[in-house]
Structure formats: C-alpha cells, structure tokens
Amino acid sequence: MMTAKDFAEESTKIFIQGNEYSVNTQTRFDCEDSSTALTVTYNGTQTYTSQGKPNDADNDR
Amino acid sequence: MRTLLITSSYDATSDLLIAKMGSDKFIRINFDRPRDWSIRLTASDINIAMPHASFGSSDIAKCIWRKPFISEPLDEPFDEEYSKEEWKYTLYEIASLMKSQGKLRMNFPIPDYLAGKLMQQRLAKQYFQVAQVELTVNSQPNSTGEKIAKSLSSTPFADGKVLYTVDVSNKELSSDIWFIQEKINASFDVTVVYLYGQVFAYSLDRSSLKTLDWRKEQFTNAMNWISYKLEVTTIEAIGSFMSLLGLVYGRLDFLLSADNNGLIFLEVNKNGQWAWLDPMFENGLFEAMIRVHDPDTNE
C-alpha cells in the first residue's frame with residue numbers, strides 16, 4: 001500500500017539574490033537590471049517558495 | 001492617490017510592478033514586516049503612517065490582495081501565533097474595508113470551500129470538457145487504468161517534501177485521503193489569464209517535458225510558454241464560467257488533448273501568479289496588469 005507521502009519529493013527552488021527590503025523603494029529585488037527582472041519574474045512560477053510555503057496555490061487562508 | 005498592496009516583502013511580482021510604475025503610486029503592507037507602518041483602523045476608516053508619510057482612506061484609490069502569507073513575521077511579538085493571527089485578521093479587515101469602499105481590485109481572498117476544485121469541475125462541465133476526478137477519504141481509491149494523484153491544498157509534509165502531480169496508474173494506494181484524476185493524453189499545457197474580461201493564453205509543448213508536472217522542471221529545463229490563440233467560443237465560455245464563479249481574475253489551467261485536440265479544463269487558480277507569462281513585458285499581459293494596479297486609472 002502506497003501513501004501520498006511515499007510519492008512526495010523535495011520542492012523545486014530558485015535562488016534569487018535579494019537585498020534587504022527597503023521601506024523607501026518598497027522593494028527587495030533590483031528589478032532595474034533586466035536579467036534580474038527576468039529571474040524575479042520566474043520566481044512567480046514556483047509552486048513553493050524557498051521557505052516551503054505554497055506560492056501559486058490558493059494559499060490565501 | 002495610491003494603490004494599497006497587501007502582500008509579503010518576498011513577493012517579487014510586487015517589486016516588478018513598483019519598479020515599473022514608481023514607489024509613489026503604492027502603499028505596500030507586508031505581512032512579514034508589521035513594523036513598517038503604524039496602522040489605525042476603525043469600522044469605516046483607515047490611517048497608515050510612517051515617520052514622514054501618512055495616508056487615509058481618501059488617499060487610497062485601489063487595493064489589491066497579492067501574496068501576504070508566503071513569508072511570516074520574525075520580530076516579536078508578531079512571531080507568536082497569537083499576534084500573527086491577530087495581524088492576519090487585521091489584513092482581512094483592511095481588504096474588507098477597501099471592498100466596502102469599492103476600491104478592491106482583482107479578487108477578494110476567496111477560501112477554497114467557496115470555489116474549490118470539485119466545485120469548479122461541477123460548474124466547468126457546462127462550458128468545457130473536464131477530467132474525471134474523485135476525492136476519497138478513508139476509502140481505497142480506484143487507481144485502475146491511467147490515473148494521477150494531486151494535492152488539494154499544496155501543503156508540504158512535515159519533512160518539507162511536497163506532492164507534485166504524480167502517476168499512480170494501477171498502484172495499490174492506501175485508504176487515506178486522495179484526490180485522483182484520470183490521466184489525460186495531452187500534447188500541450190494551456191494556461192489562460194483572465195482579467196476583467198480580457199484573456200491572455202499561453203501554451204507549453206509537453207514533448208519537451210521529462211515528467212508529468214511541468215513545475216518540477218521549471219528551473220532545469222528551460223521552458224517556452226508561447227502565446228496561444230483561443231477560439232472565440234472558448235473565450236466566451238471562459239467569461240461565462242468566471243462570472244458564474246464570481247471571479248474577475250484567475251489563471252485557468254487546461255490540457256490540450258492529443259486525442260481530439262480539444263481543451264480539457266483542470267482548474268482555476270483564484271489568485272494565480274502571472275508575471276512569468278510576460279517576462280519581457282511584450283505580450284500585453286504586464287501592460288494590462290499595470291492599468292489595473294495604477295491608482296490613476298478607473299480600471
């Protein structure tokens with residue numbers, strides 16, 4: 001008998017170089033650089049964040 | 001005027017919007033940074049302040065609920081469950097106030113029990129081909145034939161592992177809790193962003209994938225989502241389906257059947273991520289989102 005846990009895997013992750021959050025710019029990532037902006041955009045494809053939180057699921061509870 | 005973003009400081013899409021549109025168009029409240037602003041909220045008004053800036057209801061034109069709970073507060077006492085839940089409650093109250101003032105754009109955070117996966121399937125049947133699904137609890141699921149299993153909530157296990165969409169065809173499964181779907185012989189994934197009647201559709205050729213779930217390969221196998229032309233009847237069906245669900249925004253996932261070339265509805269994510277579908281800001285999606293987020297437009 002296989003359980004759901006038997007099928008579980010490590011979640012995919014993407015590492016994005018982030019700075020300290022700035023209350024002045026209200027941003028963390030340097031989106032002015034086009035290559036960073038592209039990577040940052042792909043951050044949104046993650047199903048789970050680097051902290052393991054569901055990212056693109058209906059996680060608004 | 002400003003747009004109030006309720007989100008997390010790790011929400012990169014908000015960073016992109018702010019970088020493109022200017023910080024002076026936004027008030028960004030991050031769930032993981034409760035000390036950034038002083039907030040006073042009554043039943044009918046709000047004041048949000050920091051040392052050199054203060055905003056009331058009349059300064060806020062729009063409010064958008066992004067992704068507040070993808071990271072958590074670390075500073076005391078907000079790292080405690082009590083304060084964390086009080087703070088979470090507060091964010092919902094702010095969104096509710098904004099909704100009552102007609103300022104909320106996109107969707108109010110909708111719990112799964114109001115538009116869950118099975119309910120979506122039930123309503124989607126009126127408009128699309130759907131995959132057969134079954135949810136079993138304390139009952140052995142039928143895995144005979146071509147079947148896949150999915151997570152309902154996407155919650156990780158205690159060890160951090162997660163259940164991606166997985167092939168369970170003819171496997172002997174435990175009598176626990178399972179969400180099982182018939183396996184579709186699909187040639188393309190199709191994802192559609194619906195935004196106040198506009199649709200932006202994209203497809204991914206599944207022949208480039210090594211696994212069942214494209215999300216597992218997204219950072220190792222460069223994937224190429226390209227714009228996809230929907231039939232007019234499909235666009236109309238999507239509009240009717242979203243109206244029935246009461247959604248003004250959503251990202252709908254389909255499979256393009258290799259057998260009959262028809263679209264098969266899988267689900268709609270009510271607060272789905274979208275920026276990765278227009279990474280070079282060139283296919284109109286990002287521009288449409290800017291108009292919705294801009295406090296100086298009526299969209």
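By convention in this document, chain letters (A, B, ...) are assigned in the order of the sequence lines, proteins followed by strands, and residues within each chain are numbered from 1.
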Q: Looking at T165(B), L173(B), V162(B), which one forms a side chain to side chain contact (heavy atoms under 4.5 Å, CB included) with F7(A)?
A: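 The passing option is L173(B).
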Q: Against chain B, label D6(A) side chain, backbone, both or neither, depending on which of its atoms sit under 4.5 Å from a heavy atom there.
A: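 No part of it gets close to chain B.
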Q: Strictly distance-based, threshold 3.5 Å: is any side-chain N or O of E9(A) a donor or acceptor partner for the main-chain N or O of L163(B)?
A: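 Checking the backbone N and O of L163(B) against the side chain of E9(A), no donor-acceptor pair under 3.5 Å is found.
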Q: Mark yes or no for whether E172(B), through its side chain, and M1(A), through its backbone, hold a donor-acceptor pair below 3.5 Å.
A: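 Such a contact is absent between E172(B) side chain and M1(A) backbone.
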Q: Report the distance from atom OG1 of T3(A) to atom CH2 of W178(B), rounding to the nearest 0.5 Å.
A: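 Going from the OG1 atom of T3(A) to the CH2 atom of W178(B) covers 6.0 Å.
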Q: Under 4.5 Å heavy-atom distance to chain A, tell me which part of W274(B) shows up: side chain, backbone, both or neither.
A: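 The answer is neither part of W274(B).
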Q: Hey, is CD on E20(A) packed in by over 12 heavy atoms from elsewhere, all under 6.0 Å?
A: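 Open.
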Q: Is it the backbone or the side chain of D24(B) that comes under 4.5 Å from a heavy atom of chain A, or both, or neither?
A: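 Neither part.
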Q: Ignoring hydrogens and angles, tell me if any N or O in the side chain of D15(B) forms a donor-acceptor pair with the backbone of R28(A) under 3.5 Å.
A: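 Side chain of D15(B) to backbone of R28(A): a pair is present.
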Q: Only one of L17(B), L16(B), I18(B) clears side chain to side chain contact (heavy atoms under 4.5 Å, CB included) with C31(A); which?
A: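 Only match with C31(A) under side chain to side chain contact (heavy atoms under 4.5 Å, CB included): L16(B).
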Q: So does K84(B) have more than 12 non-hydrogen atoms from other groups sitting under 6.0 Å from NZ?
A: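 More than 12 within 6.0 Å, yes.
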Q: Tell me the closest heavy-atom pair linking A4(A) and F157(B), and the distance in Å.
A: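 Of all heavy-atom pairs spanning A4(A) and F157(B), the closest is C-CZ, 3.9 Å.
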Q: Identify which part of N107(B) has an atom lying under 4.5 Å from any heavy atom of chain A, answering side chain, backbone, both or neither.
A: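 Contact with chain A involves no heavy atom of N107(B) at all.
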Q: Please report the interatomic distance CE(M280(B)) to OG1(T41(A)), rounded to the nearest 0.5 Å.
A: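 Those atoms lie 9.0 Å apart.
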Q: Would you say L74(B) has more than 12 foreign heavy atoms packed within less than 6.0 Å of its CG?
A: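 No.
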Q: Name the region of F26(B), side chain, backbone, both or neither, that has any atom closer than 4.5 Å to a heavy atom of chain A.
A: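 The answer is both parts of F26(B).
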Q: What's the separation between atom CD in Q26(A) and atom CZ in R33(B), rounded to the nearest 0.5 Å?
A: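 These two atoms lie 10.5 Å from each other.
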Q: Which one wins on heavy-atom pair count under 4.5 Å against chain A: V168(B), N30(B), D11(B)?
A: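 Winner by heavy-atom pair count: N30(B).
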Q: Which heavy-atom pair separates V40(A) from A12(B) by the least distance, and what is that distance?
A: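 Looks like CG1-CB, 2.9 Å.
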Q: With a 4.5 Å limit on heavy-atom distance, are the side chains of D36(B) and Y21(A) in contact?
A: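 In short, these two side chains touch, coming nearer than 4.5 Å.
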Q: Let me confirm one number: the OH-CD distance from Y164(B) to E10(A), rounded to the nearest 0.5 Å.
A: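 Between Y164(B) OH and E10(A) CD, I get 9.5 Å after rounding to 0.5 Å.
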